[in-house]
Amino acid sequence: MAQKPSIPKGTRDFSPVEVAKRNHIIKTIKKHFETFGFMPIETPSFENSDTLLGKYGEEGDRLIFKILNSGDFISKVDDVTYSSKNSSTIAPKITEKALRYDLTVPFARYVVMHQNEIDFPFKRYQVQPVWRADRPQKGRFREFYQCDADVVGANSLLQEVEFVQLYDAVFTDLGLSGTTIKLNNRKVLSGIAEVIGAQHLLVDFTVALDKLDKIGEEKVKEEMLAKGISATAIAKAQPLFNMQGSVAEQLDQLKDLLVTSEVGMKGVAELDEILETVTELGLKSAKLELDVTLARGLNYYTGAIFEVAAPEGVKMGSIGGGGRYDDLTGIFGLKDVSGVGISFGLDRIYLVLEELDLFPKAMEQSLDVLCLNFGQKEGRAALRLVTALRGHGLRADLYPSSTKMQKQFKYADKRNVPYVILLGESEIAQGEFTVKDMAKGEQTNYNLTDLEAFVTKVKQQ
RNA sequence: GUGGUUGUAGCUCAGUUGGUUAGAGCGCCGGAUUGUGGUUCCGGAGGUCGCCGGUUCGAACCCGGUCUUCCACCCCA
């Protein structure tokens, strides 16, 4: 090997155990998506550049992986552009395709393209990788999976309630209790900006406010000032920094602050209804919290904003997020179709489950039974037995060559195989096979003509 | 995109002011054990010290570049 091979920054290989664990998460998420009535779709891994560009803000455009055109693309660039040596003007001419950055925008594109065949309200889910040209960190990759569920064409706040229930159902099923679902509403944020006279700086205001629990009140105010929000405006927003008490009390404080803002009061009413309904229906293991500082995510949210935090003590960014966007398909020409959805961050959920040791022990097992090989004649009999066991649905394998027992047993041990079958000359003569329980070290004989007893025992585990 | 950090055996890591032949634990392979793993004992293999260049009589060690890892920003699942 001249040089060690490598993979691009921020990408990963997944070995068998990791794939098994990832599939376990995906399977659980999909199960609940379907239980809630969502249907799967898939979209291409890359889209036309203009479908994606400009949808995630300036920052987002920078993080989109662009795909170089095929053929002699350079000669098609006009001389002025070419000699300008300006990446931002040349790039659009030589990269007409780009890797998908999330699943929401491609879904909006899908809805618009297929609007005449879709029955609204349309509930779809999608589990596919997305790519971002970001700098990798813990829990941040350049290729990662999103698991999205969205509803389009339904305005009812009951949808929001269902998504909270969906988060709760999935995380409870994964054994991840103690997650916090944070809820906010874009209308409340707009209302606040309006009340303090900073509508035009809404995004800067919310981005700074979002950092409150991370960098503290003083730093947030500094950032707001730096962004051009006046000191008097910030002073008016002071109640936000001292929000406390029960959810009802916090809502009251918001009502006081937003009494002059129509949109703000609408947002408070929406929060009120969602919180009240969820409380009435109850959650299994998650906590639902009102968090007026929650503002992250993309600018197309217009109503509810969700974010899920891992249980306390786990250092990890959000493991899920979502929200309501009243006019997402508008950018593709279809007006007045409301959407709301959530996303699960598979790769981060994986890291959290790993850290808390919550994966089922069975994930480590890829075989139920391994049959040892005693030679050519015995091997053939063994394959007959293995074939029969496979027919019963067991994951069974035959060691391919008749090397010494020690080596075969060691292999079984490494593979975490719970049962090893010995089928040698003496067993065949008796019409039996010997089963060794690897955990207990005990051996039992079964009749070759009656596999049921053994199969039942394995399946019980 | 900005600033920092990391890289030595398959893995986790030592390695003195720059100085002869780069070490350990775990793992791997073989044997003790030709029908019994996970424990024990004995033996063995395995390294362009991330890569490229520079300084030097001499570089794992100093300098520059580059790639990678992780971290803080930005932003985000």
Side-chain angles (χ1 to χ4, degrees), chain A residues 1-12 15 25 29 56-64 87-88 101-104 127-148 167 203-204 206-208 210-211 214-215 219 223 294-299 306-310 315-322 341-352 370 372-375 378 399 402-428 433-443:
Chain A
M1 200 159 33
Q3 208 171 350
K4 281 183 185 169
S6 63
I7 56 175
K9 189 202 304 201
T11 65
R12 295 144 306 152
S15 296
I25 299 172
I29 291 174
Y56 309 100
E58 205 177 313
E59 190 65 27
D61 282 0
R62 203 194 77 210
L63 299 177
I64 291 173
S87 306
S88 59
Y101 176 91
D102 73 355
L103 300 178
T104 308
V127 176
Q128 290 191 277
V130 302
W131 295 269
R132 295 185 187 178
D134 207 356
R135 280 225 184 154
Q137 275 180 44
K138 182 175 185 175
R140 296 178 81 156
F141 308 98
R142 302 181 99 179
E143 176 182 64
F144 62 97
Y145 268 71
Q146 287 191 334
C147 315
D148 277 26
Y167 269 137
V203 172
D204 288 328
T206 55
V207 166
D210 186 75
K211 296 175 186 165
K214 201 170 171 187
I215 62 176
K219 296 264 181 196
E223 182 170 331
L294 176 61
R296 45 191 320 152
L298 307 160
N299 290 328
F306 302 109
E307 182 171 304
V308 184
K315 253 188 91 181
M316 180 63 64
S318 64
I319 56 176
I342 59 173
S343 180
F344 290 81
L346 168 65
D347 301 84
R348 288 190 176 176
I349 293 169
Y350 183 104
L351 291 172
V352 172
L370 178 74
L372 302 195
N373 192 323
F374 284 84
E378 295 92 334
Y399 197 89
S402 57
T403 53
K404 55 193 335 189
M405 292 298 95
Q406 186 180 216
K407 194 174 166 67
Q408 298 193 42
F409 263 103
K410 224 166 188 164
Y411 176 79
D413 194 47
K414 289 281 163 61
R415 288 276 312 260
N416 258 310
V417 182
Y419 297 103
V420 167
I421 289 180
L422 295 91
L423 187 60
E425 207 178 347
S426 58
E427 281 88 357
I428 293 172
F433 60 100
T434 301
V435 174
K436 175 159 183 173
D437 181 324
M438 293 295 276
K440 293 181 186 155
E442 295 166 355
Q443 295 192 177

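These numbers come from the heavy atoms of this one structure, side chains and all, not from hydrogens, waters or symmetry mates. Just so it is clear: chains get the letters A, B, ... in the order the sequence lines come, proteins before strands, and each one is counted from 1.
- Rounded to whole Å, the distance from CZ on A/Phe306 to P on B/rA77 is 14 Å.
- Looking at the side chain of A/Gln146, the nearest of the listed nucleotides B/rU33, B/rA77, B/rC74 is B/rA77.
- You'll find that the side chain of A/Val207 is closest to B/rC75, out of B/rG38, B/rC75, B/rA77.
- In the set B/rC75, B/rC76, B/rG35, the nucleotide with an atom closest to the side chain of A/Thr434 is B/rG35.
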With the criterion being N/O to N/O and under 3.5 Å, what pairs connect the protein with nucleotides 39-46 of chain B, and how long is each?
none

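- For the C1' atoms, the distance linking B/rC49 with B/rU8 amounts to 4 Å, nearest Å.
- When each of B/rC75, B/rU68, B/rU36 is scored by its nearest atom to the side-chain atoms of A/Gln443, the top-ranked nucleotide is B/rU36.
- Between A/Gln137 and B/rA72 there is a side-chain polar atom (N or O) within less than 4.0 angstrom of OP1 or OP2.
- Contact of A/Asp413 with B/rG38 (side chain to base): no donor-acceptor pair of N or O atoms is detected under 3.5 Å.
- Checking the phosphate oxygens (OP1, OP2) of B/rU36, no side-chain nitrogen or oxygen of A/Lys404 falls inside 4.0 Å.
- Contact of A/Lys436 with B/rG37 (side chain to base): a donor-acceptor pair of N or O atoms is detected under 3.5 Å.
- Nearest to the side-chain atoms of A/Met405 among the listed nucleotides B/rU36, B/rU68, B/rC73 stands B/rU36.
- Judged by distance alone with a 3.5 Å cut-off, no donor-acceptor contact links the side chain of A/Arg135 to the base of B/rU69.
- The base of B/rC75 sits within donor-acceptor range of the side chain of A/Arg140, with an N or O pair under 3.5 Å.
- Listed nucleotides B/rC75, B/rA77, B/rG37 differ in distance to A/Lys211; the shortest reach to its side chain belongs to B/rC75.
- Stem analysis of RNA chain B (Watson-Crick or G-U pairs, both distances under 3.5 Å, runs of at least three) returns B:1-4 with B:70-73, B:10-13 with B:23-26, B:28-32 with B:40-44, B:50-54 with B:62-66.
- Applying the 4.0 Å criterion to OP1 and OP2 of B/rC73, one finds that A/Lys214 has a side-chain N or O inside that range.
- Residue side chain A/Glu427 reaches the base of B/rG35 through a donor-acceptor N/O pair under 3.5 Å, judged by distance alone.
- When each of A/Thr104, A/Asp61, A/Asp102 is checked for a side chain to side chain donor-acceptor pair (under 3.5 Å) with A/Tyr56, only A/Asp102 meets the rule.
- Between the C1' atoms of B/rU56 and B/rG19, the separation comes to 12 Å (whole Å).
- Nearest-nucleotide assignment on RNA chain B puts the 5′-proximal partner with A/Val417, out of A/Val417 and A/Ser318.
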Output one line per pair: protein atom, nucleotide atom from nucleotides 5-7 of chain B, and distance, for all N/O pairs under 3.5 Å.
none

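- Counting atom types as modelled, A/Ser6 pairs no side-chain N or O with a base atom of B/rG50 as donor and acceptor under 3.5 Å.
- The aromatic ring of A/Tyr411 does not stack onto the base of B/rG37, failing the criterion of a centre distance under 5.5 Å from the six-membered base ring together with planes under 30° apart.
- Comparing B/rG30, B/rG35, B/rG37 against the side chain of A/Lys407 picks out B/rG30 as the nearest.
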